[in-house]
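In what follows, chains carry the letters A, B, and so on, assigned in the order in which the sequence lines appear, proteins first and then strands, with residues in each chain numbered from 1.
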Amino acid sequence: MTTLSDHRLERSYFLQDVLQVARSMPGKYLVMQNAGEAHRFVITDVEAYRGEEDEACHARKGKTGRTRVMYFQGGVLYVYLIYGMHWMLNVVAGPQEEPQAVLIRGLQSINGPGRLTRHLGIDKTYNEEDLVRSSRIWLEDNPASEGRIITRPRVGIDYAGKRWREKPWRFILQDH
DNA sequence: AGCAAGATCGGT
DNA sequence: CCGATCTTGCTG
């Protein structure tokens, strides 16, 4: 018998380049399992951060205590605190030693990267969690997903140079 | 040891 | 538009 969990995304998906991963992520499910109950949320809004050369990426200054997880192979979570208040949820992408990550900015019915982690109870204990093996959080393909993806410049990165500010690396599911 | 900045949010 | 709130990374 086929169950939805057979749709869990495997390693090969996350090993793709971050731009491929990011633009195909809207429409997929973020699954949270607690007390044996799985809750599925459609991902609607993401951004790609790509390598040390990307002036908007945390890895622009190389490997540090905080960014070391970005150098892991794709499929693990990068969770960090911003402004002393909000947990940001990122999915590491690409092969080992290539620092790339997808910031999840919105879910169906929960907009905003800080609001969604608060709603789901995601905090620093999720940092470095492996989406391919975890029993409390993973991603699933959504065969029924339809809807167009629109692109926009990334948000909140005024510190980056113009060339990087203007990259259309935000991917939003149309009508959300 | 001290400091400035930050991939945000909610209230004026 | 501004303040909250605290970790991180850089400087000395």
Please say yes or no: joined through hydrophobic side-chain contacts below 4.5 Å, possibly via intermediate residues, are A:L107 and A:L173 part of one cluster? yes
Linked, directly or transitively: A:L81 and A:L103 (ILVMFWY side chains, under 4.5 Å): no
Test item: A:Y71 side-chain N/O and A:K63 main-chain N/O as donor-acceptor pair under 3.5 Å: yes
For A:H58 and A:Y78, does a side-chain donor sit closer than 3.5 Å to a side-chain acceptor? yes
Using 4.0 Å as the upper bound for N to carboxylate O, is an ion pair formed by A:K28 and A:E140? no
Side chain to side chain contact (heavy atoms under 4.5 Å, CB included) partners of A:L139, counting only residues at least two apart: A:L9, A:F14, A:M25, A:L30, A:I43, A:L131
With sequence neighbours excluded, what pairs up with A:K162 under the side chain to side chain contact (heavy atoms under 4.5 Å, CB included) test? A:R165, A:E166
Please write out the pairs of protein N or O atoms and N or O atoms of nucleotides 10-12 of chain C separated by less than 3.5 Å, giving the distance to one decimal.
none

Distances under 3.5 Å between nitrogen or oxygen atoms of protein and nucleotides 7-12 of chain B:
residue : atom : partner : partner atom : Å
B:dA7   : OP1  : A:H58   : NE2          : 2.3
B:dA7   : OP2  : A:Y159  : OH           : 2.8
B:dA7   : N9   : A:Y80   : OH           : 3.2
B:dA7   : N7   : A:H58   : NE2          : 2.7
B:dA7   : N1   : A:N90   : OD1          : 2.6
B:dT8   : OP1  : A:R105  : NH1          : 3.4
B:dT8   : OP1  : A:R105  : NH2          : 3.4
B:dT8   : O2   : A:H86   : NE2          : 2.8
B:dC9   : OP1  : A:P113  : N            : 3.0
B:dC9   : OP1  : A:G114  : N            : 2.9
B:dC9   : OP1  : A:R115  : N            : 3.4
B:dC9   : O4'  : A:H86   : NE2          : 3.3
B:dG10  : OP1  : A:R115  : NE           : 3.4
B:dG10  : OP1  : A:R118  : NH2          : 3.2

Check A:R163, A:K167, A:R154 against A:D54 for a salt bridge (charged side-chain N to carboxylate O under 4.0 Å, His left out) and give me the one that passes. A:R154
Of all residues at least two apart in sequence or in a different chain, which pass the salt bridge (charged side-chain N to carboxylate O under 4.0 Å, His left out) check with A:R66? none
Check against side chain to side chain donor-acceptor pair (under 3.5 Å), A:E129 and A:S134: CA-CA 7 Å; A:E129 187 101 352; A:S134 176; 2.7 Å; yes
In whole angstrom, what separates A:R68's CZ from C:dG9's C1'? 16 Å
In DNA chain B, stems of three or more consecutive pairs, Watson-Crick or G-U, each with both distances under 3.5 Å, turn out to be B:1-6 with C:6-11, B:8-11 with C:1-4
